[in-house]
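Written below as structure tokens is the structure these notes are about.
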Amino acid sequence: MFCRLCGTKNPDDSKFCIKCGQELITLGQATTADTAVKEIEITPNAQTPANLVDSTKLMFEDIFRYGKCMSRADYWYGVLGLILLMFLVCVSCVGLQVLVGHLASLEHFGLVRVIYDLKLYLLFTAIITLFLITLSATVRRLHDIGMDGAWVLLQFIPVGNIILLVFLCQRAEDENNRYRIETQSRFGQKIYGITGLIPVMILCIGLVFTFLMMPLDNFIAMQNIDTTEIYYDMDDY
């Protein structure tokens, strides 16, 4: 009987390798282990096909997970779902802006400020969430084709977007793909171990981003007011 780890020949009745101490596997045990491995390899093929709802949900669930792989179908279904959700967000923001104009005409300035801030919060939270989701999903899609996640930086280069798009359309790489084994840091395990923490984190990030952008938004609004006043003053002449 030969050791599968170091290759040393051992007596037939040995349970452990005389050289490295590795537990020896008999022919019957090896056959059972090989069968189990084949069953594990076959199992993913029996998974439910990707669809719009499940793939979009997966995008949100794995927003902070970079150590996984994401199939081509899940990625593009998820992208389509995100586009539809962003369309709904834009429609909601337009509706809130119309409501702000109506309340301003009625001189309900307190409600105007509240609804306007709500619109900013909704918009900025959607933008930052979209950025985080697409960033992690793109890294996972790159892992699925056997590429390092650092290639995601191509999206910040004008021409690089085209190259990255070609990468994202490639088929999955199953052989010799070291990214097939999911990795997650201890910090990530703690975050995902607390139920409901991810949505709270996203909402808090959106709130902080909104507060940071409010001064800039107020400055732009004041500039528009000054420009409008200058325009009407010139008309008087």
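Scope of the values below: all heavy atoms of this structure, side chains included, with no hydrogens, waters or symmetry mates.
Summarising the local packing, CZ of F87 is surrounded by 12 or fewer heavy atoms from other residues, nucleotides or ligands at distances under 6.0 Å. Within a 6.0 Å radius of CH2 in W151, no more than 12 heavy atoms belonging to other residues, nucleotides or ligands are found.
In terms of the side-chain contact (heavy atoms from CB on, under 4.5 Å) criterion, residue partners of L130 (sequence neighbours excluded) are, by chain and number, L82, M86, T134. Remark: R72 engages no residue in a salt bridge (charged side-chain N to carboxylate O under 4.0 Å, His left out) (not counting sequence neighbours). Scanning for side chain to side chain donor-acceptor pair (under 3.5 Å) contacts around Y179 gives D148, with sequence neighbours left out. Scanning for side chain to side chain donor-acceptor pair (under 3.5 Å) contacts around S55 gives D74, with sequence neighbours left out. The ring-ring contact (aromatic ring centres under 6.0 Å, His included) check on F211 picks up nothing, with sequence neighbours excluded. Annotation: side chain to side chain donor-acceptor pair (under 3.5 Å) contacts of T138 (sequence neighbours excluded): Y75. Residues meeting the salt bridge (charged side-chain N to carboxylate O under 4.0 Å, His left out) test with D174, sequence neighbours left out: R180. Applying the side-chain contact (heavy atoms from CB on, under 4.5 Å) criterion to L123, with sequence neighbours excluded, gives C93, I127. Every side chain to side chain donor-acceptor pair (under 3.5 Å) that S136 has, sequence neighbours left out, goes to R140.
L118 and L111 fall into different hydrophobic clusters, defined by Ile, Leu, Val, Met, Phe, Trp and Tyr side-chain heavy atoms under 4.5 Å apart, directly or through other members. Hydrophobic clustering keeps V152 apart from I162 (ILVMFWY residues linked when any side-chain heavy atoms are closer than 4.5 Å, directly or through intermediates). Cluster membership for L106 and V100, using ILVMFWY side-chain heavy atoms within less than 4.5 angstrom, is not shared. A single hydrophobic cluster is seen to contain both I83 and F131, as judged by linkage of ILVMFWY side chains at heavy-atom distances under 4.5 Å, directly or through other members. Under the 4.5 Å side-chain heavy-atom criterion for ILVMFWY residues, a single connected hydrophobic cluster contains both L164 and L153.
For the pair F109/E107, a side-chain contact is recorded, criterion being any heavy-atom separation below 4.5 Å from C-beta on. Using a 4.5 Å cut-off on side-chain heavy atoms (C-beta onward), I63 and L135 make no contact. When side chains are defined from C-beta on, D62 counts as touching K68, because their heavy atoms get closer than 4.5 Å. Within the 4.5 Å cutoff, the side chain of I128 has no heavy atoms near those of the F124 side chain.
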| said: Test side chain to side chain contact (heavy atoms under 4.5 Å, CB included) on T56 and L85; report intermediate values, then the result. | reply: CA-CA 10 Å; T56 305; L85 289 176; 4.0 Å; yes

| field | Full working for side chain to side chain contact (heavy atoms under 4.5 Å, CB included) between M147 and Q170 | value | CA-CA 11 Å; M147 298 184 64; Q170 300 301 309; over 6 Å; no

| request: Run the numbers on L96 and Y116 for side chain to side chain contact (heavy atoms under 4.5 Å, CB included), then give the verdict. | output: CA-CA 7 Å; L96 290 175; Y116 185 77; over 6 Å; no

| field | Worked verdict on D54 versus K57 for salt bridge (Lys or Arg N to Asp or Glu O under 4.0 Å) | value | CA-CA 5 Å; D54 292 340; K57 183 180 178 182; over 6 Å; no

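The minimum heavy-atom distance between F64 and I205, with the atom names listed, is CZ-CD1, 4.5 Å. Summarising the geometry of A172 relative to D144, their closest heavy-atom pair is CB-OD2, 3.2 Å, with the distance given to 0.1 Å. Contact detail for L99 and I115: the closest heavy-atom pair is CD2-CD1, 3.5 Å. Nearest heavy atoms, L142 versus G149: CD1-O, 4.0 Å.
The CG atom of L103 sits 7.5 Å away from the OG atom of S105 when rounded to the nearest 0.5 Å. The CG atom of N177 lies 5.5 Å from the SG atom of C69; values are rounded to the nearest 0.5 Å. Atoms CG and CG, on L165 and L154 in that order, are 11.5 Å from each other to the nearest 0.5 Å.
Grouping Ile, Leu, Val, Met, Phe, Trp and Tyr by side-chain contacts under 4.5 Å, direct or through others, puts L84 with L52, Y77, L80. Using a 4.5 Å cut-off between side-chain heavy atoms of Ile, Leu, Val, Met, Phe, Trp and Tyr, V208 falls into a hydrophobic cluster with L212.
The list of side-chain hydrogen bond (donor to acceptor under 3.5 Å, both in side chains) pairs with a residue in residues 119-130, not counting sequence neighbours, reads Q97-K119.
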